[in-house]
Amino acid sequence: MPNVISADWKLQMSSFARQTINPHRLMVETSKVFPNPEKKVITLQLGDPTIGNFSHPPEAVEAIHNALNKDTFSYYPTNGIQEAREAVADYVYKNDGTLIDADDVIITSGGSSSLELCFFLLANPGENILIPTPSFNYKTWLHGPNIVSKTYKLDPTKQWEIDLDHLESQIDSKTKAILVNNVGNPCGNSLSKNNILEVIAIAERYRLPIISDDIYEHFVFPGVQYYSVAGLSKNVPVLSCSGLTKRFIMPGIRLGWIVIHDRSNAFKEIRRGFTQLLGRNFGPNCSIQKALPGILKNTPQTFFDDTVSRVQKLALTAFNLVKDIRGLVPIEPNGAFYMMVKIELEHFPKFKNDIEFVEALTEEQSVKAFPGPCFDFPGYFRFVLTVPMDKLIEACERIKEFCADHFIDENECQKLIIEVPEKQEVSNMKMVEITVT
Ligand SMILES: *Cc1c(COP(=O)(O)O)cnc(C)c1O
C-alpha cells in the first residue's frame, strides 16, 4: 500500500451540497460588487427586521430568562416538548379559531426547517412540488435531493393573485404538493379568500396536500382581512409552517413549528414520517422550547398592531416616492414587509438585465437590493421596508437620482438601437422577458 500523502489532497462536495444554493445568502456574504465609498450604504436586502429598526416583544426576553432558570437540560421527545406543542395549539385556536391538538404540532428550528421537513417528507427524487414565482428561495431545499420545482405564476396586475389556470396546468402525475405562501415574500401580498378557495378546490380535485408557508400569518396592514389556507380548507390536508421569525421579530432565535391540519385523515403515515425525519437532529434546543409558551401567551396584541401599522407607513412612503420615478413601477403591498418594483428595462439600455441595474445601483448610490432572479422573477427588484424611515426616504431619493442618470426615453431608445446595431442589449432584454412568461 502506498504510504505517500498526495500534495494535492482535494476533496469534493457531494452533489446534494453542490445543488443546494441559497442565492440570498450568497449575494450578501460573497458579493464582489462594491458600494460607492462616498455614500453610506443603505441595505434593503435581507428580510431581517431587526436590522436597525424593529425589535422583539420584551415579554419574550422575560420568557427566555425564566426558561433558562429551569434546571433540566435533558433530551426531550422528538416532536418537541408537550408544553410547547400545547402552546402552539392554543395560539392557533386563538388566532384562527381552528381547533387542533398538541399532537398536531411539531416544534422545529425555524420556518426553514419546517419547510425542509415537509418537502423531504412528501417528495422523492424526480417528483415535483409546485411553488410560486416570484417566490422565496424554496429551491434551496428542493434541488439538493433532486426534488423538482415547478413554478406557477402570481399576477402582478392583480395584486399578485395566484394564476389558477397556470397553477392547474403545472400539475402532473409526479406532483406531490402545492406550496402556497400567504402573506407572501417577496411581494408583500395577502391572498383573497376567493383565490385561496380556488386553490383549495384545485388541490382537492387532484388530491394534493397544501404546504402553507405561513411565516407572515396575520401580518397584514390595518383594514386588510387575512385568511389562512388551513382555516378555509374543509377537505384538503394542509401542513402549516410558521414560527417566531417574522411576526415576533425573532429571526435569530431559530424557533418554528408545523401544524398538521389533517383533513380527510390523509396524514396518518405522514405523522410517523415527521417523527422519523426528526430522529436526525431532534429539533431546537430545550430552553427555547420551554420559553415558547411564555412568548406566545404574553406577547400582547398591541405589539403586532404597532408593528404592522409602522410597516404600513413605511410601505406607503416608499410606494409613493417610487411611483413617481420614471422607469420604475412599484406594486403596492398590503402585508409582510417587502415591495416588488418593476424595472422598465427598455428605458435603461445601458443595463442588460435587472442584475446589472441593481449592481450599478450599489456601485453608484450605495443602495443594495435583491434583483428579480433571486426570486425567480427577472425584470424586478425587491425592497425591504423595515429600515428606519429616514433611511428609506434617502434610499428612494438615491434610486430616483440613479434612474434620472440612466433613463432614456422611447424615441432616444429607438435611435440608439438603430445607430448602434452591434449592441446586443435589445436581444438580451428580450431573453429576460421571455423567461418571465
Ligand atoms: C423568513 C421566511 C421563512 C422562514 O425563515 P426562518 O428564519 O427559517 O424562520 C420562510 N418563508 C418565507 C417566505 C420567509 O420570508
Side-chain angles (χ1 to χ4, degrees), residues 20 22-25 27-29 44-51 54 56 60 80 84 88 91 105-120 129-142 149 151-152 154 160 162 177-191 210-220 226 228-229 238-259 281 283-285 288-289 292 295-296 307-308 311 333 335-340 369-370 374-377 382-386:
T20 302
N22 184 330
H24 307 176
R25 289 292 168 135
M27 267 195 92
V28 172
E29 288 167 15
L44 309 172
Q45 284 180 320
L46 281 185
D48 180 349
T50 65
I51 301 175
F54 286 79
H56 54 270
V88 173
Y91 171 79
V105 178
I106 285 160
I107 307 294
T108 70
S109 307
S112 308
S113 97
S114 301
L115 291 164
E116 180 187 79
L117 282 164
C118 294
F119 294 150
F120 290 3
I129 290 185
L130 305 194
I131 60 173
T133 166
S135 81
F136 185 59
N137 47 300
Y138 301 113
K139 292 177 182 176
T140 305
W141 298 283
L142 295 173
S149 56
T151 53
Y152 64 84
L154 306 182
W160 301 108
I162 293 174
I178 300 171
L179 181 134
V180 176
N181 178 208
N182 184 40
V183 177
N185 172 10
C187 303
N189 62 317
S190 79
L191 296 173
I210 295 178
I211 301 169
S212 192
D213 182 352
D214 297 332
I215 198 82
Y216 300 96
E217 58 191 339
H218 299 282
F219 209 121
V220 290
Y226 168 81
S228 74
V229 175
V238 177
L239 297 172
S240 163
C241 300
S242 188
L244 295 179
T245 304
K246 304 289 166 46
R247 196 170 181 229
F248 292 80
I249 317 203
M250 299 169 79
I253 286 293
R254 310 309 306 141
L255 193 110
W257 53 81
I258 301 167
V259 179
N281 61 18
N285 81 61
I288 210 66
Q289 294 201 43
L292 188 59
I295 299 171
L296 295 184
T307 308
V308 293
V311 175
F337 37 74
Y338 310 101
M339 179 169 76
M340 284 287 266
F370 280 148
C374 280
F375 311 101
D376 205 9
F377 209 72
R382 186 192 77 172
F383 249 75
V384 166
L385 298 164
T386 47

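When a ligand or atom number is given, it counts from 1 through the structure's own listing order.
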*Would you please indicate if the ring centroids of Phe370 and His24 are separated by under 6.0 Å?*
yes
*Sequence neighbours excluded - salt bridge (charged side-chain N to carboxylate O under 4.0 Å, His left out) pairs with any residue from residues 243-252*: none
*Which atoms of ligand 1 are found less than 4.0 Å from any heavy atom of Gly110?*
8 (O), 9 (O)
*Return yes if some donor-acceptor pair links the side-chain N/O of Gln289 with the main-chain N/O of Ile107 below 3.5 Å, else return no.*
no
*What protein heavy atom sits nearest atom 11 (N) of ligand 1, and how far off is it?*
Asp213 OD2, 2.6 Å
*Spell out, as yes or no, whether a donor-acceptor pair under 3.5 Å connects the side chain of Asn137 to the backbone of Lys139.*
no
*What residue and heavy atom of the protein are closest to atom 9 (O) of ligand 1, and at what distance?*
Thr245 OG1, 2.5 Å
*Among all protein heavy atoms, pick out the one at the shortest distance from atom 2 (C) of ligand 1; state its residue, atom name and that distance to 0.1 Å.*
Lys246 NZ, 2.5 Å
_Residues which pass side chain to side chain donor-acceptor pair (under 3.5 Å) with Ser113, listed by chain and number, not counting sequence neighbours_ = none
_Starting from atom 5 (O) of ligand 1, what is the nearest protein heavy atom, named by residue and atom, and what distance separates them?_
Ser112 OG, 3.7 Å
*asked:* So for ligand 1, is Ile215 a polar contact partner (N or O within less than 3.5 Å, distance only)?
replied: no
*Okay, side chain of Asn181, backbone of Asn185: is any donor-acceptor separation there less than 3.5 Å?*
yes
_Identity and distance of the protein heavy atom lying nearest atom 7 (O) of ligand 1_ = Arg254 NH1, 2.8 Å
*asked:* Tell me the protein heavy atom at minimum distance from atom 15 (O) of ligand 1, and give that distance in Å.
replied: Tyr216 OH, 2.6 Å
